[in-house]
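Proteins come first, then strands; the chains are lettered A, B, ... in the order of their sequence lines, and each starts at number 1.
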There are 2 protein chains.
Amino acid sequence: MEHDLSERKKQILKAVIDAHIACGEPVGSKLLAAKGQIALSSATIRNELAELTEMGYLMQPHTSAGRVPSEQGYRFYVDSLMEGYDRTATEIRELNDLLTQRTRQLDRIIDDAGRLISTLTNYPAIAVRSHPRSQTVRRFNLMLMDTYSFLLIMVISEANVVTKTVRSQIPLTEEELKTVEQVLNRALVGREPDQLTLSQMMEIEAAMGRLGSLMSPILKCIYEALRADNRSDLRVEGVDRFLEYPEFSSVDRLRSMLEMLSNKQELLEIVEGAQGDEVNVYIGSENAADQSGDSTLIFKTIMVDGRPIGAIGVIGPCRMDYSKVISTVEQLSRGIAGMIRAQRMLPDPDKKDPP
Amino acid sequence: MEHDLSERKKQILKAVIDAHIACGEPVGSKLLAAKGQIALSSATIRNELAELTEMGYLMQPHTSAGRVPSEQGYRFYVDSLMEGYDRTATEIRELNDLLTQRTRQLDRIIDDAGRLISTLTNYPAIAVRSHPRSQTVRRFNLMLMDTYSFLLIMVISEANVVTKTVRSQIPLTEEELKTVEQVLNRALVGREPDQLTLSQMMEIEAAMGRLGSLMSPILKCIYEALRADNRSDLRVEGVDRFLEYPEFSSVDRLRSMLEMLSNKQELLEIVEGAQGDEVNVYIGSENAADQSGDSTLIFKTIMVDGRPIGAIGVIGPCRMDYSKVISTVEQLSRGIAGMIRAQRMLPDPDKKDPP
DNA sequence: AATTAGCACTTGATCGTGCCGAGTGCTAAT
DNA sequence: ATTAGCACTCGGCACGATCAAGTGCTAATT
């Protein structure tokens with residue numbers, strides 16, 4: 001675990017992992033010697049490989065096979081060995097395309113980001129829209145639709161406005177509705193649903209006068225709006241990409257992957273349980289959602305003004321193009337955060353989008 | 001193709017298909033004779049099977065295997081042979097649970113319906129939200145957020161209200177905003193975006209007075225709101241269920257299934273191209289989305305007031321529990337239609353939900 | 001002392017072989 | 001018209017031989 005690897009060992013380890021990431025097969029000493037990366041004979045490399053195996057960085061599927069990185073090996077690679085990734089021009093353009101479309105709903109942005117990241121990395125992607133910690137309605141607005149129904153508009157946040165149609169048993173007028181609107185704004189703005197007591201509800205009902213009977217359906221709507229938006233949502237994009245990787249070409253592996261992805265609850269818990277500022281990389285058994293321990297989960301929480309609003313990431317084999325994926329996830333999540341900040345119309349000049 | 005099947009042949013064909021649907025393996029004469037369904041010896045059954053095979057209703061995977069229904073066989077089964085399905089009490093409860101939750105957004109309803117139908121049938125499900133033919137804003141409402149921004153609320157239909165935040169370069173007052181609101185409601189309600197000419201836009205800008213500069217961002221929002229909602233959306237739920245069926249246990253089959261499901265465009269075209277009043281059953285090669293011709297697509301459009309608003313269905317192997325799936329799709333789509341009708345608060349007493 | 005060449009050994013993958021059983025088609029008997 | 005019986009076909013599976021890749025070890029080399 002400690003950094004007790006000689007420079008040469010690191011070089012060889014990196015070469016093994018790079019090669020394995022590229023081709024997916026166990027890599028042997030001969031191949032490494034031939035590639036020219038390392039100026040040593042295969043025999044010497046063999047000795048080093050044996051030691052790296054001893055130390056737990058590599059594994060042999062069987063006695064006469066090449067070496068494959070172990071979890072520990074991947075971990076070390078990700079932490080210390082990996083180089084940055086150079087994005088191609090096309091990729092940059094696609095990223096920008098997404099990020100310049102400003103006037104879109106949060107759901108759609110995150111959804112599209114999932115799709116995009118799946119395309120860019122060629123792995124199945126997950127996109128999560130988190131529930132905010134505690135939510136309240138910032139402002140109510142009522143709009144008469146016809147004599148017996150009105151639209152209840154609830155501004156929860158800049159990017160999140162919920163509307164519901166409410167039907168009344170008794171005829172409505174504009175003026176009465178205005179009164180109700182004022183009552184709601186005075187009594188319920190900034191209130192969490194579980195802070196509301198029965199006596200308060202009675203007061204509200206009284207204040208609403210002739211339209212007191214509307215209180216109950218309205219409160220129900222509010223409760224549902226806050227609740228509905230409270231439910232986190234996880235989407236999976238591009239499962240079919242699993243099939244491109246030989247490690248999942250066995251039906252059993254595939255099954256365990258698909259089962260993991262359909263177990264959205266657990267994935268959500270993992271994603272929401274992670275702290276936000278870093279790209280999270282769970283290799284093999286570190287990825288608790290996957291029983292088989294043969295997959296890697298990479299994701300990053302999207303932070304806006306210090307609060308998590310969602311997350312995007314990918315799932316793939318342990319043999320993953322880590323540098324590319326990590327930098328893509330990093331960049332895209334930052335881009336989305338910036339985009340959402342920009343979409344909030346309140347100007348906040350002291351905050352700048354990260355590059 | 002004609003109904004030139006003797007009663008006995010029909011009976012045997014039905015027995016073969018039922019058995020095959022139940023167990024998934026080719027069924028032989030012996031099995032049928034043993035099952036007691038048919039009071040004939042295996043030899044006689046063999047002769048009938050041979051004729052049914054001749055006629056194209058059955059197939060033999062190889063010389064010494066039992067028979068498997070052909071597409072034509074399934075088609076005949078679905079059209080003439082199949083019995084109705086008796087829903088269990090639990091299933092009825094689940095259906096009702098979904099259908100009694102009234103105050104939810106269209107998107108979520110259809111989404112959940114997809115999930116539910118996938119659970120009930122145990123096949124992967126598709127859920128489509130269709131775009132309406134032509135859309136217009138029914139009503140505009142502006143809400144001041146702060147001095148430099150306001151909320152633009154567009155009522156497109158009862159179940160579809162879009163909100164966007166618009167930022168202004170110049171300070172805003174409540175009164176000016178009311179004026180703009182009136183201008184919008186007078187000039188743009190019921191207008192399709194491509195009916196709007198430049199000269200009309202100029203008039204609007206003039207009518208908006210000091211806030212004329214807001215016209216362009218507002219129009220952009222309107223355009224996007226109508227457009228965004230115009231995009232049909234197809235979701236797939238429960239892909240992992242493919243793995244439960246032996247016909248998809250080969251990776252290649254699985255690949256073609258997943259590829260089909262990720263080709264949302266084509267699926268959408270099929271679903272939106274179908275007429276609405278019936279459950280559509282595309283067996284094998286009839287399902288154009290699937291190159292392999294080894295899957296069946298069953299779906300039904302959800303009609304509300306004569307217009308399609310979406311669709312739900314399932315995808316599975318040709319060997320499918322047709323009667324169960326068809327009745328589930330049927331029932332659920334009707335239920336959803338009824339639910340949405342109920343959600344539209346405008347009372348329409350002359351229409352009743354189908355049972 | 002470190003590196004390299006050479007060689008015997010291990011082991012999964014591949015391919016051909018033969019056996020088994022399920023199911024058929026046909027013929028002859030009922 | 002139905003059924004019993006029988007020879008035949010063909011996929012699936014287990015077994016075994018062969019192959020190639022890659023190793024670990026020892027002895028030679030720098």
Atom-pair distance ([atom1] on [X]; [atom2] on [N]), nearest Å:
X	N	atom1	atom2	result
A:Leu40	C:dA5	CG	P	11 Å
B:Ile12	D:dT2	CD1	P	10 Å
B:Glu25	C:dA22	CD	C1'	11 Å
B:Met59	C:dT24	CE	C1'	17 Å
B:Glu48	D:dT3	CD	P	11 Å
A:Lys9	C:dA2	NZ	P	11 Å
A:Leu52	D:dG22	CG	P	17 Å
A:Lys30	C:dC7	NZ	C1'	12 Å

Strand DNA chain C in bracket notation, Watson-Crick/G-U under 3.5 Å with | for pairs to another chain:
||||||||||||||||||||||||||||||
Donor-acceptor check, side chain of A:Thr301 to backbone of A:Ala311, threshold 3.5 angstrom: yes or no?
no
Detail all sub-3.5 Å separations between protein N/O atoms and N/O atoms belonging to nucleotides 25-27 of chain C.
from, atom 1, to, atom 2, distance (Å)
C:dG25, OP1, B:Arg67, NH2, 3.0
C:dG25, N7, B:Arg46, NE, 3.2
C:dG25, O6, B:Arg46, NH2, 3.4

When you check the gap from the basic side-chain N to the acidic O, do [X] and [Y] get nearer than 4.0 Å?
X	Y	answer
A:Asp240	B:Arg255	no
B:Glu48	B:Arg8	yes
B:Lys324	B:Glu83	no

From CA spacing to verdict: salt bridge (charged side-chain N to carboxylate O under 4.0 Å, His left out), B:Arg319, B:Glu247:
CA-CA 9 Å; B:Arg319 167 181 83 91; B:Glu247 31 272 271; 2.8 Å; yes
One should read off an interatomic distance between A:Ile283 CD1 and A:Ser295 OG, to the nearest 0.5 angstrom, of 11.0 Å
Please report the interatomic distance NZ(B:Lys9) to CG(B:Leu58), rounded to the nearest 0.5 Å.
11.0 Å
Side-chain contact check for B:Ser64: nearest option of D:dC10, D:dT2, C:dT11 is D:dC10
Upstream residue (5' side of DNA chain D) when B:His62 and B:Ser42 are each assigned their closest nucleotide
B:Ser42
Take the angle between the ring planes of A:Tyr74 and A:His20 and call it parallel below 30°, perpendicular above 60°, tilted in between.
tilted
Establish, with yes or no, whether the OP1 or OP2 oxygen of D:dT3 is under 4.0 angstrom from a side-chain nitrogen or oxygen of B:Thr44.
yes
Run the ring pair (Phe, Tyr, Trp, His ring centres under 6.0 Å) check on A:Tyr123 and A:Tyr245 step by step: do they pass?
CA-CA 9 Å; A:Tyr123 295 108; A:Tyr245 301 94; 4.9 Å; yes
